[in-house]
There are 2 protein chains.
Amino acid sequence: MSLPPDMDASIDDQAARAAWLYYVGGLTQDQIASEMGLSRQRAQRLVSRAVAAGLIHVRLNHHLARCVELEAALRERFGLVRCRVMPGLGPSRDPVRSIAPAAAEEMERVLAESGSRVIALGTGRALRGMVDALSPVEAPQHRLVSLLGNIALDGSASYFEVIMRLAEKVRAPHYPMPVPVLVDTVEENRTLQSLGAVRKVRGLAQAADVTFVGVGQMSEDAPLMTDGFLTADELHEIQRVGAAGEVAGWIYDGQGRYLDLALNARLTGVRVEIATRERPVIGIAAGEAKIVALRAALTSGIINGLVTDEPTAAGILAG
Amino acid sequence: MSLPPDMDASIDDQAARAAWLYYVGGLTQDQIASEMGLSRQRAQRLVSRAVAAGLIHVRLNHHLARCVELEAALRERFGLVRCRVMPGLGPSRDPVRSIAPAAAEEMERVLAESGSRVIALGTGRALRGMVDALSPVEAPQHRLVSLLGNIALDGSASYFEVIMRLAEKVRAPHYPMPVPVLVDTVEENRTLQSLGAVRKVRGLAQAADVTFVGVGQMSEDAPLMTDGFLTADELHEIQRVGAAGEVAGWIYDGQGRYLDLALNARLTGVRVEIATRERPVIGIAAGEAKIVALRAALTSGIINGLVTDEPTAAGILAG
DNA sequence: TCGCCGTATGGGCAAATACTCACGCGCACC
DNA sequence: GGTGCGCGTGAGTATTTGCCCATACGGCGA
C-alpha cells in the first residue's frame, strides 16, 4: 500500500484537477475533456476517481434546525463539551459517511490549536472515516498517541489503522501502541506492560489533552466479535453479565460502568477514564445498533463529546 | 418511506438536507424525493439551490504539483508569509470561484487562533467570495475592522459588503468604517477624520494583526472606475502618471510605491502600509487583468501573502 | 517469439439530471 | 372585486452522466 512514486501522483493530479473543474468550476465533463485534452470518458473516470479517493471534500455549510435541537438536547442532558449531529442518510446507508466529515472538523479544530497537544486515538471504522475525511494540515506541534494496538489475535495488522494515516496527513510525531490488542495470557500482558516503550506510550495516552474514540456495541454484530477478538460464546457470556458497549476494547454496562471481566487482564490498551472539560473524550459513532452503547457511555461520562447522526441522536435521547 | 413528518422549518433546511443526501449520501434525486416526500423536480431544485446558496462546500483535498511549484516560486521571489495557488478554471470563467475556497481557508486559519486578533478587511468581489465560501464558526474572540467605508459617491451602500457578512458568520465584534469611501473635498475629509468614531476604527485598522485585501487593476476595467469612484478621464490621467494597481482605494505604481495623487486627500480609508511577518497583509485576487497590479504590490511588500489562481501566478512570475 | 492476462480506452446506451415552458395560486395594486 | 405580477409547481424535453462492453495495449511467462 505504499504510495507510488510519480505515475499515480500525476494521475491524482489529473483527477484532482478534473474534479476541481467539475465541482468548483461547474464545467461539464465534455468541457473538462476538451480543456484537458482528454476523451469524455477519461474525464468522467478522473472525476469519479477523485471522489472515490477522497481528493474532494463536500461539507455542509448550514446547520439544520433539527440537528441543532438534538445537539442542544444532548449537550444539556449529558453535559457535553462538544456535540455535533449530522443529518441521517436514511436506512441501509453507512452512517459513517455522514459523520466522518463532522468528525474531521472536530479533529481539525483541535489540530488548529497553536499550542502543543497530546491527541489520543482509538480505532474503528468511524475513526478511519474521520481521518479519510480530514484535510491535510501541517500540525507538527501536536503528538498523536494510540490507545490500543492494531495487531489482531492472528498477528495481522489490518485492523483499521488510524494513527499512521493521521500522522501522515498532519506530519505530527506519533506513538502507535506497539503491541497486539489482546494477548493470550495475563503473564504475557504483564511482560508487555513492563516494556519501556509500552510504558511510555501508555503514559502519554493517559495524559492526553483530548481523546477520540469509536464506540462499539455489544449486540450480535459487536465489532469485538466481527474483528475476531471475541468468539460468539464469549460474547454471549459477556452479554449475560450486562455488557452494553465498549470503548477501545474495554467493556461497560448499561450505566457506563466498566465491567470486571476476565478479558480485561488480557487487554493491552489504555482504558479511557472519566472525561473532563479540560481533557475531553470525543465519541465518534452512529447507527441504530450503537444507541444503547452510546447512551451508557454518555451517562457515566466515559465520553463527554459526541459526533453522531440524526437517528442515533434521537434514539439516544428517546431512552 | 418518509422519515419524520417534521416539516423542515426553512427552505434552506430542506435544501441543505437534500444536498447532503445527494453529495454525502450518494442518493439519486429520485431517492431523495421519496425519502423526503417530494417530487423529483423539487428535489432537483433543492439540490441546485443549496449549491447556489453556498450551503454546500466543495474543497480540494490534494495539492496539485503545479500549484505547489508556483506557490514555492512566489514565496521565494517575494518573501511571502502565506501563499496559495489554486487551479485555474479556464478562460471565460470567473476566477473568484476558484480562489474563494482557498481564501476562506486562510481566513479560517486565522479565526481558529484561540488568542484575540484584530482582522482588517478591504472590500471587493474576491473578499466577498471568500466570506461566502467561509464555514460559519464561532470566533467571538476576534475583532473585525474595515479598512474603508462601503458607501459610494451617490450614497448607496451596495458596494460589496464584506465585514457585516463575515461578522454574521463568526459572531465577532465588528467595526465598519462609518463613512463614504470618497468624499468631495479635503475639508469634508478632515471633518470626518476628526470624528471620534472614525478615529477609533482607523486606529484599530492600523493596528490589525492580519489584513485581507483585494487588489484592483488600473487598466480600462479598473474596479475604481466600474464602481463609480473614478471617471474615465480621471482614470486615464492616473494611468499616465504610472498607476499599476490599487489596494483599498490607494493607488500605487509599477514598483508598488503609492502615488501622490490629488485623489488621496479625498480618500477616507486606511492606507495599508508595508506588511510584516508579524502583521501580514494577504492579497486575494486573480485574473489576467490583475497580474501587473499584483506583481507591483508584491514587489514593494504592500501585500506579503497571496491567494490566487494558476494562470495569474504564472503571469506574475513571468514578469 | 508467441500467447495470455490484466488493465486502460473509447463507443454506445440507459439512467439521471438540468432546463424550459405553461399553468395555477396568492398577493398587491388598482 | 378584478387584474396583473411574481413565484413556485409539475410535465416534458434536451443534455449530461454512469455504466457496460468490445477492443487495444503492454508486461510477463512459457
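Heavy-atom basis, side chains included; hydrogens, waters and symmetry copies ignored. Small disclaimer: the values here were computed from a predicted structure and weren't measured.
- A residue-by-residue look at B:R49 and A:V47 shows that B:R49 has its nearest nucleotide of DNA chain D further toward the 5' end.
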For a salt bridge (charged side-chain N to carboxylate O under 4.0 Å, His left out) check, start with the C-alpha distance between A:E35 and B:R93, then their side-chain angles and the critical distance, and finish with the verdict. CA-CA 12 Å; A:E35 180 92 15; B:R93 299 260 157 191; over 6 Å; no

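- If you check every strand for non-hydrogen atoms under 4.0 Å, B:R45 touches a base.
- OP1 or OP2 of C:dT9 has not a single side-chain nitrogen or oxygen of A:S39 nearer than 4.0 Å.
- Nucleic acid contact for B:R42: sugar-phosphate only, since backbone atoms but no base atoms lie under 4.0 Å from a heavy atom of the residue.
- In this structure, the CG atom of A:L27 is 19 Å from the P atom of C:dT17, given to the nearest Å.
- Taking five base pairs at each end of the helix from C:dT1-D:dA30 to C:dC30-D:dG1 and finding the rotation axis that steps the C1' atoms of four pairs onto the next four gives two axes whose angle is 20°, to the nearest 10°.
- The side chain of A:T28 lies closest to D:dT16 when the candidates are D:dT16, C:dT17, D:dG18.
- At a cut-off of 3.5 angstrom, counting only N and O atoms as typed in the model, there is a donor on one side and an acceptor on the other between the side-chain of A:Q41 and the base of C:dG11.
- To the nearest 0.5 Å, atom OG of residue B:S135 and atom NE2 of residue B:H57 are 4.5 Å apart.
- If you measure from atom CD of B:Q44 to atom P of C:dT20, you get 11 Å, rounded to the nearest angstrom.
- In this entry the distance linking CG of A:L46 with P of D:dC19 reads 15 Å, nearest Å.
- Between the C1' atom of C:dA15 and the CD1 atom of B:I32 lies a distance of 15 Å, rounded to the nearest Å.
- Between the CG atom in B:L182 and the CG atom in B:L224 there is a gap of 9.0 Å [rounded to 0.5 Å].
- Close to D:dT16, at under 4.0 Å from its OP1 or OP2, lies no side-chain N or O of A:Y22.
- A donor-acceptor pair under 3.5 Å links the side-chain atoms of A:N61 to the main chain of B:G54, judged by distance alone.
- Annotation: the span from A:Q29 atom CD to A:S39 atom OG amounts to 10.5 Å, rounded to 0.5 Å.
- When all heavy atoms are compared, the tightest approach of B:I163 to B:S146 is CD1-N, 3.4 Å.
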Report the C-alpha distance between A:M107 and A:L166 in whole Å, list the side-chain angles of each, state the deciding distance to 0.1 Å, and finish with yes or no for side-chain contact (heavy atoms from CB on, under 4.5 Å). CA-CA 10 Å; A:M107 176 60 82; A:L166 179 58; 3.9 Å; yes

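- Residue B:Q29 has a polar side-chain atom (N or O) positioned under 4.0 Å from OP1 or OP2 of C:dA18.
- With rounding to whole Å, A:R40 atom CZ is found 10 Å from C:dG10 atom C1'.
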